[in-house]
Structure formats: structure tokens, C-alpha cells
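Since this is a predicted model, take the numbers as computed values, not measurements. Any value given below was found using the heavy atoms of this structure, including those in side chains, with hydrogens, waters and symmetry copies removed. First the proteins, then the strands, lettered A, B, ... as listed; each starts at 1.
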Protein chains: 2
Amino acid sequence: MALSHSILATLVGRAKPLSGYDLAKEFNSSVGFFWKTTHQQIYRELAKLEKEGMLTSELVRQKDRPDKKIYSITDYGRTHLVEWIAEPSVPTPIKEDMLVKMYVGFLVPKEILIGELEQLRDIHKERLRLYHEYEKKYFLDVTKMNMKGKYRYLNLRSGINFEAGHIKWCNEAIEFLKNEFE
Amino acid sequence: MALSHSILATLVGRAKPLSGYDLAKEFNSSVGFFWKTTHQQIYRELAKLEKEGMLTSELVRQKDRPDKKIYSITDYGRTHLVEWIAEPSVPTPIKEDMLVKMYVGFLVPKEILIGELEQLRDIHKERLRLYHEYEKKYFLDVTKMNMKGKYRYLNLRSGINFEAGHIKWCNEAIEFLKNEFE
DNA sequence: TTAAAATATGCAACAAGTTGAATATAGTCT
DNA sequence: AGACTATATTCAACTTGTTGCATATTTTAA
């Protein structure tokens, strides 16, 4: 149930309240690197969180743009978030299409799987490239980072590790398919 | 939408039809290493797949045990599965509680996160140990494996890679938290 | 002897996630 | 002028996933 927690986490780190639209943008970058969702789900969840007292909203009237509702986290929401952090995490259950396909790979010519693995690898390569770019741009000197920055750095390192691992496996599988199958 | 495909994939590799109960057991081991689900969802999905003509069922009456329904994949189901394999895969969207917690780690004492990371690491270590055991037991000589075995081996290698990657990141994060935070 | 585990299937309620569309304004591009 | 992009929110329908419960029999363990 961490969508609500992701939203609370995005709001807790801010001086200024955010609109649903702003949050949706955040979920396309920063927090979106480890929690994916849609704007529809965000709006629905914001309404729920406000009803539960975790958030408060304020209507902002605009002339040149559509009106918006901006949300702030309440003390209750913050407490709830902190309590959730202290609960032990279980790893997210694995669900990976590619592995299901691999499981019955014998149903198709191996070239199909090789092609798919190459595509997957390229997606992960592009992500890794982006993460390395961030690392060079914002995280060159670890000792100079503040608390928040250090935690962001750990998030980034996780992404780098994750993508590099995927690339490694894709390459291993491609080589194996090319060499060990006749 | 790969639950249906996981079920089809589990049935396609068999000479004998399986009951929902048998499938649920499979989803606790082999195919369950990369697709998690519950028996309730399996029964629901089996009914749906039969209605769609992907599966056929047969009622088996038993005296010493409860009666059961056993399912086989149809030609249509098999074709559907093969077509799905050929569609390009996108990586499963990332959703990781621990990373959301890390994102707002500054809200709690670092010892809490270190403790959680150690717990997580131990879970992944235990999985890795199990996978290495499988590797030694069933996959020692790659050249002697048949087609199916080779694909199972690739699945196993993915699991090993995945778990080892997690352990590596957990250790890195633990060290970083211990040393780089004052 | 009582409890539990294993075998076997399913319903119901609810929560979470996906997909498509509707609405409205302002600015930019062709 | 018409199309597209950005801003901003929401509804509706549907699929997928989770949790708790209900039922029934036989074997095994405490």
C-alpha cells in the first residue's frame, strides 16, 4: 500500500504544497524512479488521504491557467509516514514478463528471445546512462552532501545497481542462447 | 496481464493436466520464483481461461480425497501464449517500499534504516543460498541439459543475479549509512 | 483424543491499478 | 485557421490483486 506513502513522502520533503498535477510530474522523475503510477490514481488517492486527515488542501484561483488544489501534509500524516517507515519491509513480490517467456522459451525460435533481450537491455542501458549522468551532475562529492542529498544518493545508487544487474543478466542470457543452443 | 500467461506457461510444459491446487503449489516454487499469486486468484483465472477457450477441464472423482478439476491447455491457448511471447516485453514498473523509505530516511534515526536493510539483506541472502543449492544440484553440467533445462537454467541465473544485486546494494547502503552520516 | 496439516475448491468484499474519455483555458507551432 | 502542447482535474468502467472466510475429507502429529 505504498502509493499513499509515496505521496506523503513527496509532500513531506517540501516547503511549498503541491497540486495533483505537480505530484504527477514528480512521479515521472524523482520518486517515479521507484514508484510508478498515473495522474488518475494520484487524484483519487489525494482525495482519500485528505478524507483521512493525512493531507489538507487549499484551492488556488488562477486567471491565466486553470484553478488548482494544492496539498500539504498534516502532523497526523507525517506521524503515519514515520510509523510506516519503522515497520519492517518485505521485498516486493517479483513479477517479470520476460522470465515467464524464458520459462517457455522452447516454444519459439531462440532468435525471438534474443531480440527481446536486446531490446530490454537497451532500455536498461538508457536508464543506466541517465543515472550515471545524474551521479556526475549532482553527486560527485559525497562529503559535501546534506542529509537529504545523501538519502537521494542512496536511491540513485540503488537504481544504478539495479539497471547494471539487468544489463548483466541480459548479456549473459543472450550469450548463452547464442552459444549453448544448437 | 501475465498471470494468465504464467498459468498457460505452467500447463504447456506438462504431459499431464493439473488441478488448481497443483498449480498453486507450482506458484510456490518454480514459476513462483518470478510470478507470485494466491490460490484464490488461480481458481478465478482458471475459470476465465476455460470460458475463453484457452483451457479445458475434466472433473476427477476421488474416494480418499476431495474431487478435483484438472486443466489442460488447448491449441488456441498455446497459440495465444506463443503470440504473447513474440510481443516485445517492457520491464515491470518498479515499486519498492524500501526505496520510498530511503527517500525520506531523514525522518527517522539511521539505525532504523540500517536494521531494515539488514533484514532485507538476510532475506535475499537466504534466497541466493537456495538458488545456489539448485544450481549445484541440477545445473552443474550445462552441456548435458536439454532445451527445457537450458531455459530453466537461464531463469535460475536471473534469480541469482537479482538476489546478488540486492545483497550488494543493501551492503553498500548499510556501509554508507554507518560511515557517511554523522 | 484432539489438533493440525494436507488435499481440494470456491465466494465475497475490498483495495489497487489500468485505460479511455471529458472538460476548460492559454500559448505555440505550422 | 487548425493542430498541438501545457496546465489542471475528474469520472467511469474495467482488470488485477489481497484478505478473510466457508466447506469437506483424510492422514499425521502431539
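Checking B:K68 against A:Q41, the closest nucleotide of DNA chain C that is more toward the 5' end is the one next to B:K68. Along DNA chain D, the nucleotide nearest to A:I70 and the one nearest to B:T37 differ in position, and the one closer to the 5' end is contacted by A:I70.
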With a 3.5 Å cut-off and sequence neighbours excluded, list the donor-acceptor pairs that the side chains of residues 40-49 of chain B form with protein atoms.
{"unit_1": "B:Q41", "atom_1": "OE1", "unit_2": "B:T37", "atom_2": "OG1", "d": "2.8"}
{"unit_1": "B:Y43", "atom_1": "OH", "unit_2": "B:Y21", "atom_2": "N", "d": "3.4"}

Run the side-chain donor-acceptor check on residues 51-63 of chain A: report pairs under 3.5 Å with partners two or more places apart or on a different chain.
{"unit_1": "A:S57", "atom_1": "OG", "unit_2": "A:E50", "atom_2": "OE2", "d": "2.7"}
{"unit_1": "A:R61", "atom_1": "NH1", "unit_2": "A:D67", "atom_2": "OD2", "d": "3.1"}
{"unit_1": "A:Q62", "atom_1": "NE2", "unit_2": "A:P66", "atom_2": "O", "d": "2.6"}

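A heavy atom lying under 4.0 Å from DNA chain D marks none of the residues of residues 16-25 of chain B. If you check residues 78-96 of chain B against DNA chain D, you find no residue with a heavy atom closer than 4.0 Å. Within residues 42-58 of chain A, the residues approached by DNA chain D to less than 4.0 Å at the level of any non-hydrogen atom are A:Y43, A:R44, in residue-number order.
Within the structure, the ring pair (Phe, Tyr, Trp, His ring centres under 6.0 Å) test picks out the following pairs touching residues 148-176 of chain B (sequence neighbours left out): A:Y153-B:F176, A:F176-B:Y153, A:F181-B:Y151, B:H124-B:H166, B:F139-B:Y153, B:F162-B:H166, B:F176-B:F181.
Looking at the side chain of A:T38, the nearest of the listed nucleotides C:dT19, C:dT7, C:dG17 is C:dT19.
For B:Y131, the ring-ring contact (aromatic ring centres under 6.0 Å, His included) partners are B:F33, not counting sequence neighbours. In this view, A:S29 satisfies the side-chain contact (heavy atoms from CB on, under 4.5 Å) rule with no residue, not counting sequence neighbours. When the ring-ring contact (aromatic ring centres under 6.0 Å, His included) test is applied to A:F27, no partner is found at least two apart in sequence or on another chain. In terms of the side-chain contact (heavy atoms from CB on, under 4.5 Å) criterion, residue partners of B:K178 (sequence neighbours excluded) are, by chain and number, B:I114, B:E118, B:I174.
Taking only side-chain nitrogens and oxygens, A:Q40 never comes nearer than 4.0 Å to OP1 or OP2 of C:dG20.
When the C1' atom of C:dT25 is taken as reference, atom CG of A:D67 falls 10 Å away, rounded to whole Å. Rounded to an integer number of Å, the gap from CZ of B:R65 to P of C:dA8 is 5 Å. Separating the NZ atom of A:K63 from the P atom of C:dA26 is a distance of 12 Å, rounded to the nearest angstrom. A straight line from CZ of A:F27 to P of C:dG17 spans 10 Å, rounded to a whole angstrom.
Using a 4.0 Å cut-off between charged nitrogen and carboxylate oxygen, B:E135 and B:R157 count as a salt-bridge pair. A salt bridge links A:R129 with A:E133: the distance from a Lys NZ or Arg NE/NH1/NH2 to an Asp or Glu carboxylate oxygen falls below 4.0 Å.
The hydrophobic side chain of A:V90 is isolated, with no ILVMFWY side chain under 4.5 Å apart from it.
A cation-pi arrangement is found for A:R152 relative to B:Y103, the charged atom lying closer than 6.0 Å to the ring centre and inside a 45° cone about the ring normal.
Side-chain contact check for B:E26 and B:T10: no donor-acceptor pair (N or O, by modelled atom type) lies under 3.5 Å.
A:K150 places none of its side-chain heavy atoms less than 4.5 Å from the side chain of A:N146.
The nucleotide range of DNA chain D contacted by chain A, defined by atoms under 4.0 angstrom from heavy atoms of the protein and reported 5' to 3', is D:dA6 to D:dG17.
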